[in-house]
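Okay, structure first, notes after.
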Amino acid sequence: MDKRTAEEIPGQVDDELTPTKKPSGFYGGLRLPTDKHALAGQPLREAPLADEIVLPLSQHAGLPAIPSVRVGQAVLRGERIADPDGFISAAVHASTSGTVVAIEDRTVPHPSGLNAPCIVLRPDQEDRWCEPDPVIGAYHTEDPVRVRQRVRDAGIAGLGGAVFPTSTKLTARADVHMHTLILNGAECDPEISCDETLMHWRPNDIIAGARIILHVLQVNRCVIGIEEDKPQCEQALRTAVSEFDDDRFEVVRVPAIYPEGSERQLIQALSGHEVPSNGLPLDIGFVCVNVATAAAVKTAIIDGRALTERTVTVTGQGVREPANVVSRLGTPLSTLIEVCGGYKEDAERLVIGGAMMGFAVGHDNIPVVKACNSVLVMTAAESRPATDIRPCIRCGECARVCPSKLLPQQLYWYAGSHDHERLERFNIFDCIECGCCDYVCPSNIRLAQHFRYAKAEITVRDADRERAQLAKHRFENRDKRQTLDANERAEQLAEKKRQAAAALDIHKRRQVIDEVMERVKAKERASRNQDSTDTR
Ligand code: SF4
Ligand code: SF4
């Protein structure tokens with residue numbers, strides 16, 4: 001089904017697939033109140049080494065990594081402990097030195113709250129790095145494929161939250177003309193400021209990483225999209241660009257409208273062009289990379305270090321000293337809360353991933369992973385009680401703000417009746433789970449949560465169908481093979497019988513011939529005897 005027509009946000013839309021200095025905006029979205037910018041300007045804090053580090057094998061989109069260490073093995077920081085399993089997968093590295101004490105299921109940050117396979121390290125508290133990979137200083141003279149392989153070896157996945165393996169994203173497609181790298185500096189969640197902090201304190205690392213990505217992609221244009229409410233970051237990035245004296249870069253200010261940081265919305269805001277439904281930015285020649293991911297690429301290629309840490313925003317009314325914290329991957333959330341002064345008395349709910357798109361977790365003994373951009377501690381006053389939900393009054397507010405131009409009230413209806421066919425026809429998979437519909441719904445319906453489960457249901461159904469189809473094929477093939485075997489055996493038997501019959505036939509004929517010959521010989525003998533008698 002086509003998306004519904006809707007009145008676009010007023011603005012210019014370029015005819016060409018090139019970004020414009022007058023961003024065109026995107027449909028829907030919200031201007032959300034925020035006070036996060038003060039936090040972004042504060043110095044970063046560092047989480048201490050925890051007593052135990054838990055590294056999930058699935059910290060990225062795609063297949064989980066495969067452990068390459070055994071229990072009892074000593075490892076160094078930056079050492080690879082799990083290999084990617086296929087094209088869409090990422091490696092996992094030890095985030096400190098120590099010993100592997102277990103490879104087992106532990107609670108991981110996921111809306112399901114379920115356990116998943118992890119590698120557990122006991123740190124030796126020395127935090128010794130392994131030898132860095134040889135530095136590719138003059139990367140621009142290197143084969144881009146080799147540089148991309150190094151990005152893969154470093155285990156980098158999109159640090160904006162989507163954690164798509166970066167080396168996969170940087171792989172060109174023969175059928176597409178790739179023309180622009182978009183550097184995503186539009187961190188739009190009202191509570192998250194880890195990217196803003198990074199742009200503030202490490203702009204040169206971001207630009208250095210983006211230059212490496214341009215080389216890998218063999219593209220000569222990079223547009224940095226940054227929201228209008230981050231003027232200091234904008235200035236820091238402009239200064240970094242001028243220091244590199246690189247005219248392939250363009251810094252473009254976009255309106256601070258949530259969810260500007262979603263890559264589809266940012267690309268539309270910058271270029272006026274929509275990523276097709278069920279498509280990718282690459283389909284229209286764009287590659288979009290988050291600023292933190294670009295900085296991680298710089299660390300991998302210039303410093304020779306794998307991805308072992310990330311910056312996490314720890315905030316909310318329920319924590320004493322909100323801050324941005326640099327944390328080794330695998331560190332428990334409880335350690336981050338301690339670094340930020342601990343919980344307040346009225347802290348009630350722990351949310352990972354921001355106020356708008358995050359999900360609640362049951363406790364704080366959960367590790368920081370590559371996707372973990374924020375930990376939000378909410379008080380009882382901030383949390384919406386589940387009992388507050390009322391029936392849909394069909395006001396249409398949710399559709400008015402949906403940036404994917406969906407009909408959330410309709411999807412809600414179909415999700416409730418598990419009508420997967422209609423959900424797909426109404427483009428449920430274009431839902432980016434931004435939560436704008438939840439925010440405006442006067443009935444307090446948790447629409448995004450329903451859509452997340454509906455998508456998971458459909459994905460499981462498709463996987464089941466695929467498995468069933470595979471099993472059917474296997475059964476049919478086995479059946480076919482058994483029939484062929486039986487036919488072959490019957491043919492072999494018939495052939496043997498034919499040969500036996502033929503042998504019998506030959507034997508009989510020989511017997512007849514032998515008998516005839518015997519009779520002829522007997523006749524001749526009799527005749528010779530008769531002749532000799534007559535002669536005498
Ligand atoms: S905003 Fe809420 S009440 Fe209004 S149509 Fe959407 S789901 Fe129904
Ligand atoms: S959560 Fe999905 S349906 Fe709701 S506004 Fe966002 S994209 Fe639209």
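In listed order, ligands and their atoms are each counted from 1. Scope of the values below: all heavy atoms of this structure, side chains included, with no hydrogens, waters or symmetry mates.
- Within the 4.5 Å cutoff, the side chain of Cys222 has no heavy atoms near those of the Arg248 side chain.
- Ion pair Glu338/Arg320 not flagged as a salt bridge, since none of the NZ, NE, NH1 or NH2 atoms sits closer than 4.0 Å to an Asp/Glu carboxylate oxygen.
- The protein non-hydrogen atom at the shortest distance from atom 2 (Fe) of ligand 2 is Cys431 SG, 2.4 Å.
- Checked against Pro281 for a side-chain contact (heavy atoms from CB on, under 4.5 Å), the options Ile182, Val287, Ile267, Leu266 give a single hit: Ile267.
- Under a 3.5 Å cut-off, the side chain of Lys36 and the backbone N or O of Thr315 do not form any donor-acceptor pair.
- Taking a cut-off of under 4.0 Å to the non-hydrogen atoms of Arg394, the atoms of ligand 1 that pass are 5 (S), 8 (Fe).
- At least one heavy atom of Ile393 sits less than 4.0 Å from an atom of ligand 1.
- The shortest side-chain heavy-atom distance between Cys188 and Met356 does not fall under the 4.5 Å cut-off.
- Not close to ligand 1: Pro408, with no non-hydrogen atom less than 4.0 angstrom away.
- Against a heavy-atom cut-off of under 4.0 Å, Gly435 is close to the following atoms of ligand 2: 1 (S), 6 (Fe).
- Between the side chain of Arg390 and the backbone N or O of Asp388, at least one donor-acceptor pair lies under 3.5 Å.
- Contact annotation: the side chain of His179 approaches that of Phe286 to within less than 4.5 Å [non-hydrogen atoms, C-beta and beyond].
- Of all atoms in ligand 1, listed by their number and element, those nearer than 4.0 Å to a heavy atom of Ser443 are 3 (S).
- The pair Arg446-Asp438 does not meet the salt-bridge criterion, since no charged nitrogen lies less than 4.0 angstrom from a carboxylate oxygen.
- With respect to atom 6 (Fe) of ligand 2, the closest heavy atom belonging to the protein is Cys434 SG, 2.3 Å.
- For atom 8 (Fe) of ligand 1, the nearest protein heavy atom (residue, atom name, distance) is Cys392 SG, 2.4 Å.
- Taking every non-hydrogen atom of Ser404 and a distance limit under 4.0 Å, the qualifying atoms of ligand 2 come out as 7 (S).
- Taking all heavy atoms of Cys395, Gly396, Cys441, Cys402 into account, the minimum distance to atom 4 (Fe) of ligand 1 is reached by Cys395.
- Distance check for Cys398 against atom 6 (Fe) of ligand 1: an N/O/S atom falls below 2.8 Å.
- Tested against Leu270 for a side-chain contact (heavy atoms from CB on, under 4.5 Å), the candidates Asn184, Val252, Thr180, Ile224 yield a single pass: Val252.
- Protein heavy atom nearest atom 3 (S) of ligand 2, with residue, atom name and distance: Phe451 CE1, 3.5 Å.
- At least one heavy atom of Ile432 sits closer than 4.0 Å to an atom of ligand 2.
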